[in-house]
Amino acid sequence: MAVTPTLDEAGVLSRQDPELAEILLGELDRQSTTLQLIAAENFTSPAVLAALGSPLANKYAEGYPGARYHGGCEIVDVAERLAVDRAKALFGAEHANVQSHSGSSAVLAAYAVLLRPGDTVLALGLPHGGHLTHGSPANFSGRWFDFVGYGVEADCGLIDHEQVRAMARTHRPKAIVCGSIAYPRHIDYAFFREVADEVGAYLIADAAHPMGLVAGGAAPSPVPYADIVCATTHKVLRGPRGGMILCGGELAERVDRAVFPFTQGGAQMHSIAAKAVAFGEAATDGFARYTRQVVANARRLAAAFGAAGMTVVTGGTDTHLLVVDPAPLGVDGRVARGLLAAAGMVLDTCALPHGDARGLRLGTAAVTTQGMAEMEMEYIAALVTAVLRGETEARTARAEVRELTGRFPPYPLYTQGG
Ligand SMILES: *Cc1c(COP(=O)(O)O)cnc(C)c1O
């Protein structure tokens, strides 16, 4: 694999640090020749990568545009204002903060705005698809707040709305969190708003996963309903790794202070510039078409897995992600993940609503960016099924994955001949 000047300008990295350059190329090769089915992953555009690798990475910029603690911020201020304006326009929000270093940092800042240590928070329980920041004992959230968890129904995997309402009435939480790492269906934000209003709670939407679909019009927006919306800029949104927060004007100043100086120091201006690039891309018709294809691809995958005998949690999907139980094929999720990894198909295991066995969680954001459509989803589902049934050897499947990915290179600009 040869590298164009775009990825390694004038061969600087290869000459100075061949050891690291080798690692970089190895990862490019891995991403280009295996199938990225991890629901949280995607391929950013070369333009986003260019902003990330720019000299904006050198700039210290504590504070906000026009009110920095460092000199020389006049140019990066323009970049951050652009990112904020684009985010507000894209999501129809009154206020946007684009400084959060990650999705988790955005959630931490949201809690800092609305909660005090010891407050009760109602969120989707971790075994049912809640994120670490929704009350894991290993995370600050579980240590500092009193989380109570609602769940999904064991038979269908759908959020148990009656339980949400009952628990809200019993526990009178200070805030309700909606959002998940593994929920394949749209979230009923209006319902959560209604329950929050009934018990006098704030509503926090942690929309890290679906926010890209929201940008493209392929999923309902939490913005009109939640007091604070937290999201990542990676995942379906296809920007750099990072977080953002959206809210109404009345919480704007408190949100900004909760990010800096309460939970973070200097803003990462290269990342903020890359977020601006991604928001610009997400505002195009091409991105809207992309998000529709992402969902169509996930639906086709889910249908094909169902037809092959796997149990599809909730019976399908509205989004980019699906959860399946491969048990009917004679393997559990953990074993399946290993078998598929050996064949070049990379995905996660996750909890299942019924019982203790683990299932598989897949997403179509990355393969759709590569240009794959329904036909390729059928092909991938057949390959997965054949591997799990033991009908195809890992080596044979690996070669088929290589052939497929060779026809859909994620970064044709960086690679010659895939
Ligand atoms: C991905 C995700 C996060 C965290 O994002 P990081 O950037 O990994 O910190 C938080 N909440 C939800 C629901 C997520 O899916």
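Please read all numbers here as calculations on a predicted model, not as lab measurements. Both counts, for ligands and for their atoms, begin at 1 and track the order of listing.
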Applying side-chain contact (heavy atoms from CB on, under 4.5 Å), can you list everything that pairs with T120, at least two apart in sequence or on another chain?
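Residues passing side-chain contact (heavy atoms from CB on, under 4.5 Å) with T120: D146, V148, H171, P173.
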
[Y] and [X] side chains, donor-acceptor separation under 3.5 Å:
X	Y	result
Y64	N97	yes
D256	H95	yes
D160	H128	no
T369	Y290	yes

Which parts of the protein, at residue level, reach under 4.0 Å of ligand 1 through a heavy atom?
S102, G103, S104, H131, S180, I181, D206, A208, H209, T232, H234, K235

Where is the tightest heavy-atom contact between G239 and T44, given as atom of each residue plus distance?
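Here G239 and T44 meet closest at O-CG2, 3.0 Å.
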
